[in-house]
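A quick note: this is a predicted structure, and the numbers were derived from the prediction, not measured. Note on naming: letters A, B, ... go to the chains in the order of the sequence lines (proteins, then strands), and numbering restarts at 1 for each one.
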Amino acid sequence: MTGALLFGLAGAALVGCGVYGLLTAPGALGRVLGFNILGGGVFLMFGVVARRGAGAGFGADPVPQALVITGIVVAFCATALAVALLVRLCAVQAEAARGGDGDKET
Amino acid sequence: MSLVFDAVLCLVLLAGALGVVTTGAARPAVIAFIGYGLLLGLAWVRLAAVDVALTEIAIGSGISGVVLLRCVRALPAEPLTPAPNRMLKPLAAVVSITIAAALAAVVLALPEPAPSRAADVAAALPATDLGNPVTGVLLVFRALDTLLEKVVLLLSLVGVWALSRDPACRGRPAPLSPEPAPAPSAFLARVLAPIGVLVGLYLLWAGADHPGGAFQSGAVLAAMGLLLVMGDQIRTPAAESRGLRLLLLAGPFGFLAVGFAGWATAGVFLGYPPGAEKAVIIAVEVAITVSIAVTLGLIVLGPPAGEERP
């Protein structure tokens, strides 16, 4: 049992946690968080592949590392867009609720 | 001894992730998620991937954390929770455990000896004059991925701006807080921002040979910009400003221009001119760092609020 293997198993468990969050979260924000945890687990498993590919004087294979860095940034982009959509949706719903009470003539 | 540390780290990481998905309230879940991101960064250090650790902590935990915390404040206090089916949670648990077990089996069955491109990178790296293999892969060997990811980042900002109430996307984003910044906040911004900018520039400069690089540097610079906005030291920029849009486009389009020039100088798309690789790579890195910093900051600040009324 090596350290890299341990992190690989942890990555698999994180994916499980993320799927559970995606399925059971009460609100959209919880689903976004679950999606991020799922992604973190997948990246960690890929990191274990990188660590096992250590060689030629590098502590870990640089190609998977670079792909994970790209993946983290793309996951952030998706998260930011999802969150912006969520905030706007809530603003629209709040406006609709207020509009139901009074100034319909405008 | 280090195996014990790894085991404890894995357990704490899992506990953090479980905390995020089982906490009902939004704010504790987001705060747990930020902590989880920091622990994940530590796991990356243990996997000898310091560049990934820096990116995870700066972007996956830091900037994502700010975006999510802003979202928590904008959402209504108690989200409408439809009474979930009683069977949902046990079923979801069974599905998740099955998926995790299948992935664990895959991890245990990874081929031995492990496939690796490390030797190829080591053989090709001297031609680029770079010392950090990850920067070499990002900017030379897999430059197309990096270019497309810059475009994704820009598209994400376009998506956020498209949610503005003003169809022409004019004006400044809404301030982070309606009240003026408290004195400690302003003081912190004045003291910390110069140091942070220096750290960000160092990460960019050192990224050629040591862990660091455009993303990590861009994220630190964006954080310093946000700190200055929170401390009321600078105003949020107006979205229609030409200079701002030029900064946003400098990275992706500068990189694209170098890519097309590659056909003329090196005979291949995204090739670097022979003999001047390092200078061109550094110029590209500076341009994309500036664009990353500005784009990340603007994504956090949110859509512009429309033209100001005098």
### Query
Does the side chain to side chain contact (heavy atoms under 4.5 Å, CB included) test come out yes or no for A:L14 and B:Y36, once each step is laid out?
CA-CA 11 Å; A:L14 288 181; B:Y36 156 84; 3.8 Å; yes
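- Interface summary for chain B: among A:L81, A:V83, A:D61, A:L23, the most heavy-atom pairs under 4.5 angstrom belong to A:D61.
- Here A:I69 is the residue among A:V48, A:I69, A:V19 with the most heavy-atom pairs under 4.5 Å with chain B.
- Here the closest non-hydrogen pair linking B:W161 and B:G302 is NE1-O, 4.0 Å.
- Between chain A and the residues B:V20, B:L47, B:V137, B:L14, the largest count of heavy-atom pairs under 4.5 Å involves B:L47.
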### Query
Between B:R46 and B:F5, is a side chain to side chain contact (heavy atoms under 4.5 Å, CB included) present by the stated rule, with each step listed?
CA-CA 10 Å; B:R46 294 293 302 154; B:F5 179 79; 3.7 Å; yes
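- If you measure heavy-atom distances from A:R52 to chain B, the contacts under 4.5 Å come from both the backbone and the side chain.
- Of the two parts of A:F58, only the side chain, counted from C-beta on, holds a non-hydrogen atom closer than 4.5 Å to a non-hydrogen atom of chain B.
- With a threshold of 4.5 angstrom between heavy atoms, A:A50 does not approach chain B through any atom at all.
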### Task
Dump the intermediate steps for side chain to side chain contact (heavy atoms under 4.5 Å, CB included) on B:L296 and B:L153, then the final yes or no.
CA-CA 8 Å; B:L296 286 176; B:L153 195 62; 4.2 Å; yes
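- Per-residue heavy-atom pair counts under 4.5 Å with chain A were compared for B:T146, B:T295, B:L68, and the maximum is reached by B:L68.
- Taking chain A as the reference chain and counting heavy-atom pairs below 4.5 Å, the highest number among B:C10, B:A48, B:S96 is found for B:S96.
- A distance of 10.5 Å separates CG of B:L75 from CZ of B:R27, quoted to the nearest 0.5 Å.
- Distance check, rounded to the nearest 0.5 Å: CG of A:L5 to CG of B:D6 gives 11.0 Å.
- Only the side chain of A:V15 comes within contact range of chain B, with heavy atoms under 4.5 Å apart.
- Between chain A and the residues B:P111, B:A105, B:G60, B:P303, the largest count of heavy-atom pairs under 4.5 Å involves B:P111.
- Heavy atoms of B:L163 lying under 4.5 Å from chain A belong to its backbone as well as its side chain.
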### Query
Between B:L9 and A:F7, is a side chain to side chain contact (heavy atoms under 4.5 Å, CB included) present by the stated rule, with each step listed?
CA-CA 9 Å; B:L9 179 58; A:F7 284 114; 3.9 Å; yes
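- Chain B forms the most heavy-atom pairs under 4.5 Å with one residue out of A:G8, A:A28, A:A4, A:A60, and that residue is A:G8.
- The choice from A:G34, A:A13, A:G39 that makes the most heavy-atom pairs within less than 4.5 Å of chain B is A:A13.
- Comparing B:I299, B:L110, B:L18, B:T23 by how many heavy-atom pairs each has under 4.5 Å with chain A, the most go to B:L110.
- When each of B:A32, B:G159, B:G16, B:A49 is checked for heavy-atom pairs under 4.5 Å with chain A, B:A49 comes out on top.
- Taken to the nearest 0.5 Å, the OG atom of B:S64 stands 8.0 Å off from the CD atom of B:E56.
- Proximity to chain A is absent for every atom of B:I97, based on heavy atoms less than 4.5 angstrom apart.
- The nearest pair of heavy atoms linking A:A80 to B:V160 is O-CG2, 4.4 Å.
- In terms of heavy-atom proximity, A:I37 sits nearest to A:C17 at CG2-CB, 4.2 Å.
- Looking at A:L29, the atoms closer than 4.5 Å to chain B (heavy atoms on both sides) all sit in the side chain, from C-beta outward.
- Residue B:V300 does not touch chain A at all, counting heavy-atom pairs closer than 4.5 Å.
- One finds the CG atom of B:L139 at 11.5 Å from the CG atom of B:D145 (value rounded to the nearest 0.5 Å).
- Taking a 6.0 Å sphere around CZ of A:R31, one finds it holds more than 12 heavy atoms contributed by other residues, nucleotides or ligands.
- Within the 4.5 angstrom heavy-atom criterion, no atom of B:L54 approaches chain A.
- A:N36 and A:T79 share a donor-acceptor pair across their side chains, judged by distance under 3.5 Å alone.
- With a threshold of 4.5 angstrom between heavy atoms, A:L85 approaches chain B through its backbone and through its side chain.
- Heavy-atom pairs under 4.5 Å with chain B peak, among A:G21, A:G71, A:C77, A:G40, at A:C77.
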